[in-house]
Amino acid sequence: MSTFTGSGTYVLDEELSKIVNISMALEMPLLLKGEPGTGKTMLAHAVAQSLDMDLVVLNVKSNMKLIEALYQYDTLTRLNDSRFGDSTRDVSDIKEYIRMGKIGQAFMAEKRCVLLIDEIDKAETEFQDDMLDVLDQMEFDILETDEVVRARQRPVIIITSNAKKDLSDPFLGRCNFHHIAFPEQKMMRKILQAHFGDISDKLAENAIEAFYGLRNIEGVEKKPATRELINWIRALQADPDFTSGKMLSQEIPYLGVLFKKSGDYQRASGAMMKKRFFR
Amino acid sequence: MFLQFFYTLREVGIPVSPTSFLVFHRALAEGLVRSVEDFYVTARTVLIKSEKYFDLYDQVFAYIFEGTAIAERSEEELDMLAMSMLDEWLKNPKELAKSLDMDEEQLQKLSPEELLEYFKKRLADQEGRHDGGSKWIGTGGTSPVGHSGYHPGGMRVGGVSGGKTAMKVAGERRYRDYSIEAPLSRAALGEALKRLRNLVPQGAKDQIDVDGSVYQTMKNGGEIEIVFERSVVDRLKVALLIDNGGWSMEPHVEIVQTLFSYAVSQFKDLSTYFFHNTIYDLLWQDPARFRRPVELDDFVQKSDPETRLIIVGDASMAPYELMATDGSIHAFERSGRPSVDRLHFLAKSFPHAVWLNPVSQRTWDYTRTIGVIRSIFPMFELSLDGLEQAVSHLVRK
């Protein structure tokens, strides 16, 4: 069996790679929780890339019904076809109008693939439980044609959730679970290295230092995450004043890249002001 | 040993299901576990389903699997320990001095800051000399769950971890921030309130209105037009009454305001009122409780009885404020009806009402007025779990 060891731009700690491999071996979905920006979604991409599998992404929406994730019966097109009769489809054949949803696609795939179910917490509890039934049995019915769709291969299933709240017990019972904590400074340095091969030590260290300082400002609603840090460093690299990273100890520019909420932005720049005065 | 591990996990209150334990055994049987680290990671991934319990898991793991001399303590813990020593010192200087084996008078000359410094130094000192083998969690028959308020009971000055890496990892207790004891944060509150959002009438336009479609199609002379309508979703009105006055609520105001700020975006139909301590004749629409008073009778009359009433307050006051006919501190609230009558009146008018109390449930029994108010409104703690219970109570028809 192939195992997962990490990929080009995804820095993986050993623990997480073990967890991915265990879940694959046990053939259980892996539920990932953690702050936004800790790379939950990226993990699925990395797994797919490193194991050379296709990735099917199901972005869960709040009013989504399970059936949409499985298949869709396109009644409207059929109705139109029957009226105008100018399509190549055979109107009398319902199958022509059944389209596979994301889960259906993952089941029908020729090769084993990675199925990422992103932000499951957005959906209703019933959706979550029903979906796991399908994933457990690896098959579902198409009511219209009375066919059973069976998975050709069991996909590698990765589910992410942003919720602080726990999902329902039956759901949790069928998943393996991991919580990705926000990376520590050392880990962050590795992540930056993976993203910017040519970054200077000085800039990386100072930027990380400043970044973690900013994350610790009290009362900030949406803390800047890895994504923000990477964008911020891009901005710094573009600015000749800061490319070397030396100036960062005196002034922190482009706060807007890091803080997206106006309240947070004000709080952060206020804290910066204070720091400058009381140095 | 595995069984003991399993039962200890359950004993300390981690919901580990037997099924997942079987899954774990499958992992063992399939040879996925080859080292202690593997064991640590696999068991956690399979058995523990919430980061809330990661910290407890770490502790149990370290407790069951050996030596349990625990990792170095962080600066913070040292601070906390020193602080509690200072407290102890203020309460009983003699005894502490004795246990530290030094002269009381000498210590008395130091300022609090100097004392703190001194304690810290002593504590750090201790770490060097102290022999290992001290079980850091629950000595003397207590469970490994340390109930650490600000007195980090159960915690000892321990030796340096001599265990294997997994032991060390477990000992680091990286997930303490996520454990249940963590205070309710802004994000967590929003999360809990999200559950209420499902009840806002925002169904998608995804249901075919058959009659409408037939009508439109006929009107178009046979050109088919399909009419969609919104699916009907329960329409929920919410009235939020917040106690924002008095020193007793002072520490909770911040958290209540967070709740409130989230609440506004969650419902279309939300009215907020303020009161002080408990409810008498008036409610106020402005937080300062000055400009826009509303008569309680008016409020009840104008509100739909289906309105969900959420009262937030610590319910802690002098008994007469609740019981006496002139309990209100405001001279103009003199209808002669005691607050307790008013609360009964509210509870009768709104069958769906809850009282959220920021005071920890453990201490409810010590305040008499909490007991009285609890008998009128179902009371829940203003914590994630409490909110969840409150929400499921409110949603019930």
Side-chain angles (χ1 to χ4, degrees), chain A residues 1 3 13-28 30-36 61-65 68 75-76 79-80 82-83 121-125 162-182 184 219-223 263, chain B residues 15 17-20 23-24 26-27 30-35 37-38 40-54 166 169 174-175 177-178 182 184-192 194-195 197-198 202-204 206 208 222-224 226 231 233 254 258 261 384-385 387-388:
Chain A
M1 154 135 359
T3 51
D13 65 69
E14 211 185 322
E15 192 176 274
L16 190 51
S17 75
K18 262 182 204 147
I19 289 168
V20 171
N21 289 323
I22 288 163
S23 304
M24 274 173 20
L26 291 176
E27 303 194 319
M28 281 171 81
L30 173 61
L31 172 65
L32 290 174
K33 284 209 312 191
E35 251 183 86
K61 298 185 183 68
S62 59
N63 55 359
M64 199 173 223
K65 302 213 168 65
E68 290 169 40
T75 39
L76 275 189
L79 187 63
N80 268 335
S82 72
R83 291 177 66 220
D121 52 303
K122 279 190 190 162
E124 317 260 327
T125 324
N162 280 329
K164 295 279 185 305
K165 208 60 221 153
D166 290 342
L167 299 161
S168 74
D169 286 341
F171 187 94
L172 292 171
R174 292 172 196 183
C175 294
N176 286 331
F177 173 78
H178 183 58
H179 179 274
I180 305 185
F182 197 80
E184 285 163 18
V220 168
E221 222 171 294
K222 163 103 183 54
K223 287 183 177 178
Chain B
S17 71
T19 336
S20 56
V23 172
F24 177 59
R26 210 173 84 213
E30 283 179 29
L32 296 169
V33 178
R34 282 180 295 262
S35 64
E37 288 88 73
D38 282 358
Y40 169 78
V41 172
T42 312
R44 199 187 64 205
T45 307
V46 175
L47 299 177
I48 314 295
K49 307 291 188 183
S50 169
E51 73 276 14
K52 282 194 301 205
Y53 302 114
F54 277 15
V169 170
R174 294 165 297 166
Y175 294 99
D177 286 357
Y178 302 103
L184 194 55
S185 70
R186 282 160 181 268
L189 258 180
E191 210 53 62
K194 261 185 204 159
R195 310 203 130 208
R197 184 170 51 184
N198 295 340
Q202 263 183 341
D206 58 356
I208 294 182
E223 179 75 14
I224 293 173
I226 293 174
S231 50
V233 184
E254 163 88 24
T258 317
S261 75
L384 261 192
D385 285 347
L387 270 179
E388 195 180 340

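Chain naming here is simple, since letters A, B, ... match the order of the sequence lines and numbering starts at 1 in each. As a basis for the values below, the full set of heavy atoms in this structure was taken, side chains included, without hydrogen atoms, waters or symmetry mates.
Judged by distance alone, the side chain of B/Lys49 and the main-chain N or O of A/Cys175 form a donor-acceptor pair under 3.5 Å.
Between B/Glu223 and A/Arg83 there is a salt bridge, with a side-chain nitrogen of the basic residue lying less than 4.0 Å from a carboxylate oxygen of the acidic one.
When all heavy atoms are compared, the tightest approach of B/Val41 to A/Lys18 is CG1-CB, 4.0 Å. Across all their heavy atoms, A/Met28 and B/Val23 have their closest contact at SD-CG1, 3.4 Å. Residues A/Glu15 and B/Tyr40 approach most closely at OE1-CE2, 4.0 Å, considering heavy atoms.
Atom NE2 of residue A/His178 and atom CZ of residue B/Arg44 lie 5.5 Å apart, to the nearest 0.5 angstrom. In this structure, the separation between NZ on A/Lys33 and OG on B/Ser50 is 4.5 Å, given to the nearest 0.5 Å. Note that the CG atom of A/Leu31 and the OG1 atom of B/Thr45 stand 11.0 Å from one another [nearest 0.5 Å]. One distance of note links OG of B/Ser20 with CZ of A/Arg174; it measures 13.0 Å at 0.5 Å rounding. Atom CZ of A/Phe177 is separated from atom OH of B/Tyr53 by 11.0 Å, given to the nearest 0.5 angstrom.
Taking chain B as the reference chain and counting heavy-atom pairs below 4.5 Å, the highest number among A/Leu76, A/Asn80, A/Ile22 is found for A/Ile22.
Only the side chain of A/Leu79 has a heavy atom closer than 4.5 Å to any heavy atom of chain B.
With respect to A/Asn176, the side-chain contact (heavy atoms from CB on, under 4.5 Å) criterion is satisfied by exactly one of B/Thr42, B/Val46, B/Ile48: B/Val46.
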